[in-house]
Each structure stands twice: as C-alpha cells, then as structure tokens.
There are 2 protein chains.
Amino acid sequence: MTKKNIPRPTESELEILQVLWQQGPSTVRFVNDELSKRRDVGYTTTLKLLQLMHEKGIVTRDDSSRTHVYRAALREQETQGMLIDRLLDAAFGGSALKLVQQALGNRQTSREELDQIRNLLDSIDNQNPTTDPDELA
Amino acid sequence: MTKKNIPRPTESELEILQVLWQQGPSTVRFVNDELSKRRDVGYTTTLKLLQLMHEKGIVTRDDSSRTHVYRAALREQETQGMLIDRLLDAAFGGSALKLVQQALGNRQTSREELDQIRNLLDSIDNQNPTTDPDELA
DNA sequence: TGTTTGTTACGAAACGTTTCGTAACGACGC
DNA sequence: GCGTCGTTACGAAACGTTTCGTAACAAACA
C-alpha cells in the first residue's frame with residue numbers, strides 16, 4: 001500500500017505546478033504572469049486549467065477572499081518520482097541505469113554536479129550493502 | 001541546426017517503438033503479440049496505431065509482401081534523449097542533477113549499476129577538464 | 001470453386017486536453 | 001448610483017489519442 005492514487009498531471013498542469021512549487025501559493029493572475037514569461041497564454045486559459053486541476057485534486061484553493069489562492073496538492077519530489085517511473089517504463093524498459101546514462105551523457109554537466117552525484121552514489125553504497133562488503137576493501 | 005524535426009511519440013507509440021527497437025522489424029501480428037503480454041489490446045488497434053505512426057514518419061514499412069513489416073524510423077538513443085529533455089523542462093526546471101538524484105534516490109540500484117555510473121562520471125571528467133586536472137591525481 | 005483465415009483499410013466513437021469567448025459578479029472610484 | 005475593472009464561472013470548439021467494428025481482399029485449402 002505504498003502507492004497512493006496519485007493523479008497524472010498533464011504537461012500544461014506540470015507547468016503550473018512548477019510555478020506553485022517554486023513560488024508558493026499564488027493567484028491566477030500571478031501564475032498567468034509567470035507562464036506568460038515563457039509563452040503566450042490567455043488569462044482565462046490559466047484560470048480554467050487551475051479550476052480543472054482543483055477538481056482533479058491536483059491543487060487546493062483558498063476561496064475565502066474574492067481572488068482565490070491556489071496551492072499545489074502534490075509534493076514536488078513524489079510527483080517527479082512518479083514521472084520518472086513513467087518514463088522508465090515507457091521508454092527505457094525499466095532500466096534506471098540507461099536513463100541516468102542518457103541524462104548525463106549527451107549533456108554538459110558541471111564538475112560540481114558530478115561530484116554531488118558521486119556523493120549520492122557513495123551514500124547509497126553505505127546505506128545498502130547489497131553484495132559482499134569485502135569487495136569495497 | 002543540430003535539432004531536427006523530431007516527432008513526439010505518444011505513450012502508446014513508445015510502447016510499440018520499444019518492441020521494434022528490441023525485436024527489430026516486425027509484423028503487426030508480432031507487435032500485437034508482444035503488447036498483449038503486458039495488457040489487453042485488440043489487433044486492429046495495434047494495426048491502426050502502426051498506420052498512424054507510419055503517416056507521422058515514426059516508423060517505415062515494407063509493404064512488398066502482403067503482410068507488411070514495420071521498422072522504427074527513430075533511433076532509440078535520440079528518442080530517449082528527447083524525452084529526457086522534455087521531462088527535464090516539464091518537471092525538473094531543467095536541472096539534470098535533480099533528475100538523476102530522483103532516479104537513483106528512491107530506487108534500489110545494484111552495485112554493478114552504481115559502478116557503471118561511476119565509470120561514466122569518470123569518463124566525463126576525463127573528456128571535459130573544466131577545472132584543475134590536478135584534483136584527479 | 002467455395003470457404004475459411006489472416007491481413008489491410010477505413011470510419012467513427014469515446015475520451016481527454018487545451019484554448020478561448022461570453023456572461024455574471026463584486027469592489028472601487030467618481 | 002454608475003461605470004470601470006478584475007475576477008470567477010461556464011460552455012463549447014478544436015484537436016489529438018485511443019479503441020474498435022466493419023468491410024474488402026488475398027492466400028491457402030478442402
């Protein structure tokens with residue numbers, strides 16, 4: 001029962017979720033202004049999207065005042081993990097290794113980021129001694 | 001002009017592409033049998049999908065004999081890279097680091113795979129000495 | 001030849017996503 | 001009070017995806 005009934009946000013919905021994750025609870029106007037920085041989008045389009053997301057339970061809203069305030073109902077990390085699972089299954093035959101190789105391969109990554117990944121690998125090693133610990137020696 | 005006019009396969013289309021990538025050029029019947037291992041899907045559904053993919057240029061087909069043979073027109077790696085770019089933009093604010101952390105974090109990964117990733121990191125380091133090469137010693 | 005079997009072609013329904021036009025409504029300034 | 005402005009609500013169109021029923025057709029076979 002670890003997997004809950006997580007909604008599957010569409011691409012447009014993800015765009016909005018990113019605004020809410022990064023900027024916190026926001027009005028329709030604010031979200032629309034943020035989206036408008038990237039592309040043309042009508043105000044009522046953003047409004048409708050948020051209303052649909054509200055119906056789906058993807059966002060909650062505070063409608064105590066006239067201009068409603070929307071808030072992400074999905075946690076960023078959980079959602080990202082779900083999306084990776086989807087992509088893993090849809091295009092990588094379930095191999096996380098291949099995905100990571102692709103993500104790092106044809107992409108310029110800074111030394112700092114590479115180091116952070118190394119640290120992550122080390123911490124996984126320590127937490128999870130799957131095979132003979134001798135091998136590390 | 002590095003970016004071509006790459007089609008964006010849907011989820012169902014990716015399912016079929018995976019079959020063609022792994023099994024090579026295949027008939028509708030074969031693809032449908034493969035898909036049927038995972039879920040219920042009608043023969044004409046698979047056929048129609050392949051026909052649409054053909055129109056879109058996602059697959060090519062040899063119709064010299066009565067039963068046509070379909071072949072992936074997209075390379076696996078290119079497509080995977082494109083999908084990662086999409087996901088990166090759609091949900092990770094463009095940070096490949098965050099994506100990799102997510103992919104490795106809440107997932108059990110074998111020591112062997114971790115080592116392969118380490119090798120990949122090392123090879124990236126060698127190819128791309130952004131900072132002091134001394135650090136590697 | 002006539003029947004069965006497996007194939008392609010085609011149309012359409014069902015559904016979800018995205019977009020926007022229009023209307024109603026409250027707040028605010030004049 | 002009245003008009004303006006920003007907001008929400010609602011309906012619908014346009015579009016893409018997915019699914020499947022039906023028909024046409026060719027090959028194999030009895």
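Residue numbers begin at 1 in each chain, while the letters A, B, ... track the order of the sequences. The structure presented is a predicted model; accordingly, all values stated were derived computationally and were not measured.
Distance from the side chain of Thr45(B) is smallest to dT19(D) among dT7(D), dT19(D), dT8(C). With distances taken from any side-chain atom of Arg29(A) to the nucleotides dT8(C), dT19(C), dT7(D), the minimum falls on dT7(D). Across dA9(D), dT18(D), dA9(C), the shortest atom-to-atom separation from the side chain of Thr44(B) is found for dA9(C). With dT7(C), dT18(C), dA9(C) as the candidates, the nucleotide lying closest to the side chain of Leu52(A) is dT18(C). If you check dT7(C), dA9(D), dT8(D) against the side chain of Tyr43(A), the one that comes closest is dT8(D).
Salt bridge annotation for Glu13(B)-Arg8(B): absent, with no cationic side-chain nitrogen under 4.0 angstrom from a carboxylate oxygen. A salt bridge is defined here as a Lys NZ or Arg NE, NH1 or NH2 lying under 4.0 Å from an Asp or Glu carboxylate O, and Lys98(A) with Glu76(B) meets this definition.
The CD atom of Gln51(B) sits 16 Å away from the P atom of dT17(D) (whole-angstrom rounding). Between the CG atom of Asp63(B) and the C1' atom of dC25(D) there is a distance of 15 Å, given to the nearest Å. Rounded to whole Å, atom P of dT18(C) lies 12 Å from atom CG of Leu35(A). Straight-line distance from the CD atom of Glu55(B) to the C1' atom of dA9(C): 11 Å, rounded to whole Å. Look at CG on Asn32(A): it is 15 Å from P on dT18(C), rounded to the nearest Å. Per the geometry, CG belonging to Leu47(A) stands 14 Å off C1' belonging to dC25(C), to the nearest Å. Atom CG of Asp40(A) is separated from atom C1' of dC20(C) by 13 Å (rounded to the nearest Å). Look at CD on Glu11(A): it is 12 Å from P on dT17(D), rounded to the nearest Å.
Both Thr10(B) and Lys48(A) lie near DNA chain D, and the one whose nearest nucleotide falls closer to the 5' end is Lys48(A). Ranked by how close their nearest DNA chain D nucleotide is to the 5' end, Lys56(B) and Val41(B) are led by Lys56(B).
For the OP1/OP2 pair of dA9(C) and a distance below 4.0 Å, the side-chain nitrogens and oxygens of Arg61(B) include at least one atom meeting the criterion. Considering only side-chain N and O atoms, Arg39(A) lies under 4.0 angstrom from the phosphate OP1 or OP2 of dT19(C).
Smallest separation of non-hydrogen atoms from Lys56(A) and Pro7(A): O-CG, 4.2 Å.
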Is there a side-chain contact (heavy atoms from CB on, under 4.5 Å) between Arg39(B) and Glu15(B) once you walk through the steps?
CA-CA 11 Å; Arg39(B) 60 188 184 90; Glu15(B) 213 181 352; 3.0 Å; yes
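Using a 4.0 Å heavy-atom criterion, one finds that Glu13(B) contacts no nucleic acid atom at all. Across all strands, Thr67(B) comes closer than 4.0 Å only to sugar-phosphate atoms, never to a base (heavy-atom distances).
Between Leu121(A) atom CG and Arg111(B) atom CZ the span is 11.0 Å, to the nearest 0.5 Å.
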